[in-house]
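This report refers to the structure that appears directly beneath it.
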2 protein chains.
Amino acid sequence: MTQSSLTAILHLFQAQARLEERFSGALGGVHGLGLKEALFLMHLQQAPLRRLTRVDLAKRLHISASTVTRMAVPMEKLGLVARQPDPRDARLAYVVLTETGQAIVTDARATFERLATEVFRDRWTEQEVGQLADLLGRLNSNQIGVLA
Amino acid sequence: MTQSSLTAILHLFQAQARLEERFSGALGGVHGLGLKEALFLMHLQQAPLRRLTRVDLAKRLHISASTVTRMAVPMEKLGLVARQPDPRDARLAYVVLTETGQAIVTDARATFERLATEVFRDRWTEQEVGQLADLLGRLNSNQIGVLA
DNA sequence: GCATATTACTTGCGTACGCAATTAATGTGT
DNA sequence: ACACATTAATTGCGTACGCAAGTAATATGC
């Protein structure tokens, strides 16, 4: 158990590093977005009102609140997201997905899906991919805000 | 297939982010090492002569060669690694694990193993962990230099 | 209802990283 | 053997990040 646990974790780190390289390159090439930005927008897309507070986004993306603030600035200028203050609580500044952002992220998601399919295209059965998705889902199941 | 592929990838990214946080904190607390440094040394430990060239390390760790150069400096000063020129090829400067480094990394690996076991301790059977390790191993199988 | 604690967000600062240019050494073609 | 390409490593530079401090607003305790 100890042995396979360690192996699983190390393989997971290794796999993530490879996939990040691959997805970063491909996403950056097609859209103007990096992988980080794409995940940022995807989290907004699946949120209740297509919006999240900055701290909430930070938790979901596992980055600091200051990074969320700074990431949002260029995307605001591009019109992908907008700042939306909360009338009830003046401290809150939601990041909300615009129509433009909606279109872009839908497109990015399609690219994402295509890339994901390619990863498993050779040497993987549908059942195996599903099994992997399930197991990784279990690994994340004791937390909030897992994406899609 | 497309659907579960996307889910698998997204879950993998999510899982990695959480595990990185957890392992970074715990490793940094026990030894003086960060997660990155621990993986750095673990790659050396399992290498043929406990040594690797900088470019080789960079490929295995999925970081740039310049980062390897810069990471090595403080670890050299701590005596964990040493610089070892190649007599055949004066361009090569191996990073080699010292005795001290060997001891530290063995210790770090034990901590790593303990943490990994904790991750799966609740709600996971040995078979499931093994299955996850296998599937992730498959995902990495078309590349060189996978760790342990 | 007022003082204090907590929360959301921003900003300054230091650090870590990748890219591209540089240097030095080895490989290749003729 | 010599010119040129390739490779390993380092360094300058710009960028992205986290942490901690600062600011403003809301929540809590008395």
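This one's a predicted model, so the numbers in the text were calculated from it and none came from an experiment. A, B, ... follow the sequence lines: proteins, then strands. Residue 1 opens every chain.
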Indicate yes or no for a side-chain donor-acceptor contact from [X] to the backbone of [Y] under 3.5 Å, with no hydrogens or angles considered.
X       : Y       : result
B/Arg54 : B/Ala93 : yes
B/Thr98 : B/Gly79 : yes
B/Ser24 : B/Glu20 : yes

Of all the choices, [options], which nucleotide is nearest to the side chain of [X] once you look at every atom?
X       : options                : result
B/Arg91 : C/dA25, D/dT26, C/dC9  : C/dA25
A/Ser64 : D/dA8, D/dG18, C/dA25  : D/dG18
A/Thr67 : D/dC17, C/dT26, C/dG18 : D/dC17

_Pairwise 5' ranking along DNA chain C for A/Ala93 and A/Arg70, keeping only the more 5' one_ = A/Ala93
Expressed in angstrom and rounded to an integer, what is the separation of [X] atom [atom1] from [N] atom [atom2]?
X       : N      : atom1 : atom2 : result
A/Lys36 : C/dC17 : NZ    : P     : 12 Å
B/Tyr94 : D/dT7  : OH    : C1'   : 13 Å
B/Leu33 : C/dA16 : CG    : P     : 14 Å
A/Leu57 : D/dG18 : CG    : C1'   : 17 Å
A/Leu52 : C/dC9  : CG    : C1'   : 15 Å
B/Leu35 : D/dC17 : CG    : C1'   : 16 Å
B/Asp86 : C/dG27 : CG    : P     : 10 Å
B/Phe40 : C/dC17 : CZ    : C1'   : 15 Å

*Would you check, one step at a time, whether the test salt bridge (Lys or Arg N to Asp or Glu O under 4.0 Å) holds for B/Arg60 with B/Asp56?*
CA-CA 6 Å; B/Arg60 289 169 200 254; B/Asp56 200 351; 3.0 Å; yes
*Counting only distance, no hydrogens or angles, is the base of D/dC19 paired donor-acceptor with the side chain of A/Ser66 under 3.5 Å?*
yes
_So if I apply the side chain to side chain contact (heavy atoms under 4.5 Å, CB included) rule between B/Leu132 and each of A/Thr7, A/Ile9, A/Leu135, A/Asp134, which one comes out positive?_
A/Leu135
*With nearest nucleotides of DNA chain D determined for A/Ala90 and A/Val68 from heavy-atom distances, which residue corresponds to the more 5′ nucleotide?*
A/Val68
